[in-house]
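Only one structure is covered here, and it is reproduced in the block below.
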Amino acid sequence: MKKRFYITTPIYYPSARLHLGHAYCTTLSDVLARSKRERGFDCYFLTGADEHGLKIEKNALEAGVTPQQFVDHIVEGFYQLWDLLRITNDDFIRTTQDRHIKVVQNAFTRMLNKGDIYLGKYEGWYCKYCEAFWTETQVGPDHICPDCQREVQKAEEEAYFFKTSNYVDSLMKFFDKNPKFLIPESRKNEMINTFIKPGLDDLCVSRTSFSWGVPVLENNKHVVYVWLDALTNYISALGYGSDNDELFKKYWESEDCEIIHILGADITRFHAIYWPMFLESLGLRKPDREFVHGLLMMKDSKMSKSKGNVVNPYPLVERYGVDSVRYYLTREINFGSDGSFSPEQFVERVNADLANSYGNLLNRTISMIGKYFNGVIPAYKGHVTDFDASLESVIDLTISNYETLMDDLKITDAIATVNELVNRANKYIDETTPWALAKDENKKDELASVMNHLARAIYVASRLYHPVLVTASDKAFEQLGLSLEAADYKNIRDSHLLDNLQTNKGNPLFPRLDPTVEVPFINELMK
RNA sequence: CGCGGAGUAGAGCAGUUGGCAGCUCGUCAGGCCCAUAACCUGGAGGUCGUGUGGUUCAAGUCCCACCUCCGCAACCA
């Protein structure tokens, strides 16, 4: 396995506030990044904002501010949400930053000089009221502007294009040689069948009909158009082509580094087809993996700004805490498949897994250690009974399964294995009946071993949950009497870690949610 | 015939390379009394969308046909 990781989310478009779908993608990426770091790997994690384009220009005009003021305001909300969700990005790239603009211009020039970009004509449906071009599918069979509903006309304008035909063969070879590049694999077939086989069009990389974008140095009428601008963020953030390109060398150019892009299905095409082409044109290495996560739906329909059925993540986190929301997103929706959000599911998941199983396990264990051993965790003395041995083997197995699954980006499954450990530990209490052992002086050793094993199981579960339950896990460590330093992942296989620690009884980690109160509350948020 | 996904217990879902159909919730019966009305055990409930289809010793899984729902279709993650 490689030593370093570079993990990215897409850069989101600040035309409106973020919704739960954005939070989903960023949270899962964060879980991955945290889990790598906790296990001792060097991991650089990037997110950001894609701030150019006509829509921003128009929204700013309506709001009576400059485009820059407009995006500054919305991006402020991005920062707040990522803060609230405890996202640990190492950098936040904005496409309006100088460091990014220079890289885009540099890339454009190199591609132009190389003959990969040429000047041509862009043809599309034009709405003269909105001063915007639309695609065939956007205007529909009646040729109506999707924004103002007025009729549009065929029109053309001068534009630069990226010559995809120079790189199609090479891309196909790349796909063949790197079967794990695009996951899930069905996405690769989709790309090939839908876009490449029918003949790939050249990609429009500049426009003249609006001005809010990166200026083309060679032709001042033009600004760079979307994807060449947006995708470049992944290397501009590392300082590619700048005086300070240490990060770029360390993470992009180093063979020791695994580059992982996390993205949504709707932008797969750009990441899987054009991005490798751009990189090849620049003579740069391609990412190792592009992971396409599923779409988060609202019960039956897709969550979308235009349908107005978005879930606002801010009040959700404020009411239920960062851990519950992160847990729900990670555990409930199988990473890679589509999922749907429902208030009932949310409450059920939090109650079943976090309150009843995990939180309650901690609570009852700490309470017993308090009652039977004055709050001191008895030292580990091997396994006294078969029950102890059985629990120990589950602990070991959980750790190795978890690591394997995480490395394979099966985040949901990795977390599910921790649930199994927690359930196993709850069952272990019934098997060993500590309250009965406590009444028999001869069973003192057995009882001590049970308490030690329980504490260890809770520690391991909390350690493995930590990338998701970023605050509750620390509280669990504290209740076990572990310092954050002692709780470090490197000690996860140490059987003696909890010997003689003084526990601190605390409040339940996750209070049970009352569905009759919380379901209506969440439903209100969805209006 | 545009592309793709889905159809498995009352609900929501998981089922890697084919090898005794599982999980959570709900429900019924029991147990326990350390714990957050929590925890543990067991039962009921599925002909795995349809086929009087194919391959196989063996199909939820592979192949074929059909039905239904959904997403994408060139700037909503």
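All chains are named by letter (A, B, ...) in the order of the sequence lines, taking the proteins before the strands, and each is independently numbered beginning at 1. Since this is a predicted model, take the numbers as computed values, not measurements. Excluded from the calculations below are hydrogen atoms, water molecules and symmetry mates; all remaining heavy atoms, backbone and side chain alike, are included.
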Check every strand shown and say whether [X] touches a base, only sugar-phosphate, or nothing at a heavy-atom separation below 4.0 Å.
{"X": "A:Phe270", "answer": "sugar-phosphate"}
{"X": "A:Phe346", "answer": "nothing"}
{"X": "A:Arg269", "answer": "base"}
{"X": "A:Gly53", "answer": "nothing"}
{"X": "A:Leu509", "answer": "base"}
{"X": "A:Asp201", "answer": "base"}
{"X": "A:Pro434", "answer": "nothing"}
{"X": "A:Tyr24", "answer": "nothing"}

Measure the distance from [atom1] on [X] to [atom2] on [N] and round it to the nearest whole Å.
{"X": "A:Met451", "N": "B:C34", "atom1": "CE", "atom2": "P", "result": "11 Å"}
{"X": "A:Arg512", "N": "B:A37", "atom1": "CZ", "atom2": "P", "result": "8 Å"}
{"X": "A:Asn363", "N": "B:A35", "atom1": "CG", "atom2": "C1'", "result": "6 Å"}
{"X": "A:Phe510", "N": "B:A38", "atom1": "CZ", "atom2": "C1'", "result": "15 Å"}
{"X": "A:Leu200", "N": "B:C3", "atom1": "CG", "atom2": "C1'", "result": "15 Å"}
{"X": "A:Glu348", "N": "B:A38", "atom1": "CD", "atom2": "P", "result": "13 Å"}
{"X": "A:Leu361", "N": "B:C34", "atom1": "CG", "atom2": "P", "result": "16 Å"}
{"X": "A:Leu513", "N": "B:A38", "atom1": "CG", "atom2": "P", "result": "13 Å"}

Identify which nucleotide among [options] has an atom closest to any side-chain atom of [X], counting heavy atoms from C-beta outward.
{"X": "A:Gln345", "options": "B:A38, B:C75, B:G12", "value": "B:G12"}
{"X": "A:Trp435", "options": "B:A14, B:C76, B:C33", "value": "B:C33"}
{"X": "A:Asn334", "options": "B:A38, B:C25, B:G15", "value": "B:G15"}
{"X": "A:Tyr372", "options": "B:A35, B:C34, B:U24", "value": "B:C34"}

Span that lies between the [atom1] atom of [M] and that of [N], in whole angstrom:
{"N": "B:G19", "M": "B:U61", "atom1": "C1'", "answer": "11 Å"}
{"N": "B:G22", "M": "B:U47", "atom1": "P", "answer": "15 Å"}
{"N": "B:G12", "M": "B:U17", "atom1": "P", "answer": "26 Å"}
{"N": "B:C23", "M": "B:G45", "atom1": "C1'", "answer": "15 Å"}
{"N": "B:C62", "M": "B:G15", "atom1": "P", "answer": "12 Å"}
{"N": "B:C48", "M": "B:C20", "atom1": "P", "answer": "15 Å"}
{"N": "B:U55", "M": "B:U16", "atom1": "P", "answer": "24 Å"}
{"N": "B:G2", "M": "B:U24", "atom1": "P", "answer": "43 Å"}

Which nucleotide, in any strand shown, forms a Watson-Crick or G-U wobble pair with [N], with both distances under 3.5 Å?
{"N": "B:G12", "value": "B:C23"}
{"N": "B:C3", "value": "B:G71"}
{"N": "B:C39", "value": "B:G31"}

Verify the contact: side-chain N or O of [X] to OP1 or OP2 of [N], cut-off strictly under 4.0 Å; return yes or no.
{"X": "A:Asn356", "N": "B:C39", "value": "yes"}
{"X": "A:Lys371", "N": "B:A35", "value": "yes"}
{"X": "A:Arg349", "N": "B:U24", "value": "no"}
{"X": "A:Asn360", "N": "B:C39", "value": "no"}

So does [X] pair up with [Y], basic N to acidic O under 4.0 Å?
{"X": "A:Asp30", "Y": "A:Arg326", "value": "yes"}
{"X": "A:Glu290", "Y": "A:Arg187", "value": "no"}
{"X": "A:Arg331", "Y": "A:Asp413", "value": "no"}
{"X": "A:Asp388", "Y": "A:Arg456", "value": "no"}
{"X": "A:Glu157", "Y": "A:Arg207", "value": "yes"}
{"X": "A:Arg424", "Y": "A:Glu431", "value": "yes"}

Short side-chain donor-acceptor distance under 3.5 Å, A:Thr8 and A:His261
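Their side chains do contain a donor-acceptor pair, which is all the 3.5 Å distance test asks for.
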Measure centre to centre between the rings of A:Tyr320 and A:Tyr328, then say whether the value is under 6.0 Å.
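Centroid distance A:Tyr320-A:Tyr328: not below 6.0 Å, so no.
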Verify the ring-centre separation between A:Phe162 and A:Tyr274: is it less than 6.0 angstrom?
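No, ring centres 6.0 Å or more apart.
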Using the closest heavy atom to pick a nucleotide of RNA chain B for each, name whichever of A:Leu263 or A:Gly359 lands nearer the 5' end.
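Nearest-nucleotide comparison on RNA chain B picks A:Gly359.
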Between A:Thr365 and A:Arg187, name the one whose nearest nucleotide on RNA chain B is closer to the 5' end.
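Its nearest nucleotide lies further toward 5', so the answer is A:Arg187.
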Once the angle between the rings of A:Phe335 and A:Phe291 is folded into 0 to 90°, is it parallel (under 30°), tilted (30 to 60°) or perpendicular (over 60°)?
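Judged by the thresholds at 30° and 60°, the geometry between A:Phe335 and A:Phe291 is parallel.
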Under 3.5 Å, N/O pairs linking protein and nucleotides 40-43 of chain B:
unit_1: B:C40; atom_1: O4'; unit_2: A:Asp430; atom_2: OD2; d: 3.2
unit_1: B:U41; atom_1: OP1; unit_2: A:Lys427; atom_2: NZ; d: 3.2

